[in-house]
Every structure is written in structure tokens, then in C-alpha cells.
Novice: 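Structure provided below as C-alpha cells; questions to follow.
All residue numbers in this chain count up from 1 along the given sequence.
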Amino acid sequence: TGTRSDKNNNGKASGFVNYISTVYLHDLCHAANERFLKLTRKSLSLEVSENNNFLVRDFLNEGRLRSVKTLSGGQTFQAALSLALALAESVQHFYRLRQNFFFLDEGFDNLDKESLRVVFETLKSLWRENRIVGVISHLEELQQEIDVFLQVENHPERGSLVRGSWETMPS
């Protein structure tokens, strides 16, 4: 009987954890939508399915639900960024942190020109919110859009040379 009781308790515990995780995921999605709706000009929002998968509500298509896999490259970037920022804000709130820094690592080279334009607009909206956004990219187009940057050059004899946008590259 002790074994059966343990199984029931574990089942109850995992059910409770699943419930709390689902509630947190819905809250995270709600927070992400505050940004995602703005970025998509109120045409798309994120929702969580019964299986805790993300779906997209398309307001330009009668509010129909569809898979997040149907988003364009730029829209996928916006959705992922909105979720990441919502998660970062949740952690900041939980730990009572005041950091306003966010880092994006590459991933832009797979985007078409229109998606890149969306990325630029999104990054500019973050800068207007006085967020410090670090971006790692090899794309020339993205580098031209950023005013303050560090450029890293691999020198065959001296190793990595780092130059700020405000100085000249050492020779």
C-alpha cells in the first residue's frame, strides 16, 4: 500500500507542477502579447494551446488560429523576441532587478530583406524604450543600422582586434 500511495502522491505533485507551469506559460504569453501586438500592428497575437504549444491568432484572417510555423522570418523574430523579453521582465520582477540589458545573438542571416526591415524596426523600438540591446551579427546591413558598436577583426598574427565605432582600427 505504501508504494501505491507514493505513486498517487507523485501523480498529484506532477499534476500540480504541470498546472503551475501552464499558468505561468499563459501569463508569459499574455505579457509577450503586449509587445507582439504592437510590433505586428495588432494583426497577430500569441496563444497557448491545451498542450502548451504556441499558436498565432491572425486578426487579418478573421481571427483564425494557426501554427507559429506559418509566421514569416520577421514575424518569428518578433514573436521570439517578445517572449524572451517577457521572460526577462518576469525574472527581473521576481528578483527585483533593474537591469535593462538584452542580448541578441545572430540568426539574422537567414532573413529576407522585408524580415530584416522588421528586425530593424523592432530593434529601434527597443532603443526608443531606452533598452540596451547587444547584437552579435556579421550582416553588413545590420551593422549599418547600429550607431554604437564593437567590431572584432581576426588578425592572423595578433589575434582578435577590437575596435569601438568611436575609434579607428589599430594596424
Side-chain angles (χ1 to χ4, degrees), residues 14-151 165-166:
S14 68
F16 179 70
V17 169
N18 288 339
Y19 172 76
I20 295 299
S21 298
T22 298
V23 168
Y24 184 75
L25 188 60
H26 281 267
D27 288 348
L28 187 68
C29 185
H30 177 74
N33 272 328
E34 290 180 26
R35 181 174 309 278
F36 190 55
L37 277 163
K38 288 179 194 172
L39 293 175
T40 63
R41 295 179 178 89
K42 297 185 180 184
S43 65
L44 301 172
S45 71
L46 297 169
E47 293 190 16
V48 179
S49 72
E50 292 177 7
N51 299 328
N52 287 343
N53 294 314
F54 286 107
L55 298 170
V56 175
R57 184 158 309 273
D58 186 344
F59 296 110
L60 297 180
N61 192 12
E62 300 173 355
R64 291 192 180 133
L65 283 174
R66 58 185 172 106
S67 169
V68 292
K69 294 177 183 177
T70 63
L71 293 174
S72 70
Q75 293 168 332
T76 299
F77 172 82
Q78 289 175 323
L81 179 64
S82 297
L83 286 164
L85 286 169
L87 181 59
E89 289 165 359
S90 174
V91 169
Q92 286 176 341
H93 178 71
F94 181 78
Y95 288 105
R96 295 184 176 105
L97 301 172
R98 296 198 177 180
Q99 284 82 7
N100 204 18
F101 185 77
F102 196 78
F103 226 101
L104 300 174
D105 186 4
E106 202 50 81
F108 306 111
D109 53 347
N110 296 329
L111 300 178
D112 59 34
K113 294 244 184 237
E114 175 59 22
S115 296
L116 271 176
R117 186 190 62 72
V118 171
V119 168
F120 296 150
E121 287 178 11
T122 303
L123 291 174
K124 287 176 183 176
S125 75
L126 289 173
W127 294 326
R128 284 190 296 272
E129 294 175 20
N130 292 320
R131 289 200 175 260
I132 301 169
V133 182
V135 178
I136 298 173
S137 179
H138 301 281
L139 281 182
E140 188 69 31
E141 296 96 336
L142 189 58
Q143 293 173 11
Q144 292 173 0
E145 291 287 326
I146 298 174
D147 296 329
V148 178
F149 59 86
L150 292 175
Q151 184 174 15
S165 56
W166 55 92

Novice: To the nearest 0.5 Å, what is the distance between CG on Leu83 and OG on Ser90?
Specialist: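 Rounded to the nearest 0.5 Å, the CG-OG separation comes to 12.0 Å.
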Novice: Quick one: CD on Glu50 to CG on Leu55, what's the gap to the nearest 0.5 Å?
Specialist: 10.0 Å
Novice: If a pair satisfies side-chain hydrogen bond (donor to acceptor under 3.5 Å, both in side chains) and one of its residues is in residues 60-71, list it, with sequence neighbours excluded.
Specialist: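 Found Asp58-Arg66, Asn61-Arg64, Glu62-Arg64, Arg66-Thr70.
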Novice: Please report the shortest heavy-atom distance between Gln78 and Leu39, naming the atom on each side.
Specialist: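 Between these two residues, the closest heavy atoms are NE2-O, 3.4 Å.
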Novice: Show the nearest heavy-atom pair for residues Arg41 and Glu121, with the distance to one decimal.
Specialist: NH2-OE1, 3.4 Å
Novice: Rounded to the nearest 0.5 Å, how far apart are OG of Ser137 and CD1 of Ile146?
Specialist: 7.0 Å
Novice: When rounded to the nearest 0.5 angstrom, what is the spacing between CG in Leu71 and CZ in Phe54?
Specialist: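 Answer rounded to 0.5 Å: 12.0 Å.
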Novice: In Å and rounded to the nearest 0.5 Å, what is the CG to CD1 distance from Leu25 to Ile20?
Specialist: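 Reported to 0.5 Å precision, the distance equals 12.5 Å.
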Novice: Assess whether atom NE2 of His26 is packed by more than 12 heavy atoms of other residues, nucleotides or ligands within 6.0 Å.
Specialist: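 Result for NE2/His26: enclosed.
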Novice: Over all heavy atoms of both residues, which pair between Ser82 and Arg35 is shortest? Give the atoms and the distance, please.
Specialist: OG-CG, 3.7 Å
Novice: Show the nearest heavy-atom pair for residues Gly74 and Val118, with the distance to one decimal.
Specialist: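 Closest approach of Gly74 to Val118: O-CG1, 4.0 Å.
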Novice: Could you tell me whether the side chain of Val68 reaches within less than 4.5 Å of the side chain of Thr76, counting heavy atoms only?
Specialist: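 They are not in side-chain contact.
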Novice: Is there a side-chain contact between Leu44 and Leu37 (heavy atoms, below 4.5 Å)?
Specialist: no
Novice: Which heavy atom of Ala86 sits nearest to which heavy atom of Leu28, and what is that distance?
Specialist: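 Minimum heavy-atom separation between Ala86 and Leu28: C-CD1, 3.5 Å.
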Novice: Given Glu114 and Arg117, is the salt bridge (Lys or Arg N to Asp or Glu O under 4.0 Å) satisfied, shown in steps?
Specialist: CA-CA 5 Å; Glu114 175 59 22; Arg117 186 190 62 72; 2.3 Å; yes
Novice: For a quick test of reading the model, state the closest non-hydrogen atom pair linking Phe149 to Trp166 and the distance between them.
Specialist: O-CZ3, 3.8 Å
Novice: I want to check something: taking the side chain as every heavy atom from C-beta on, are Leu87 and Tyr24 in contact at a cut-off of under 4.5 Å?
Specialist: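 The answer is yes, as the side chains (C-beta and beyond) meet within the 4.5 Å cut-off.
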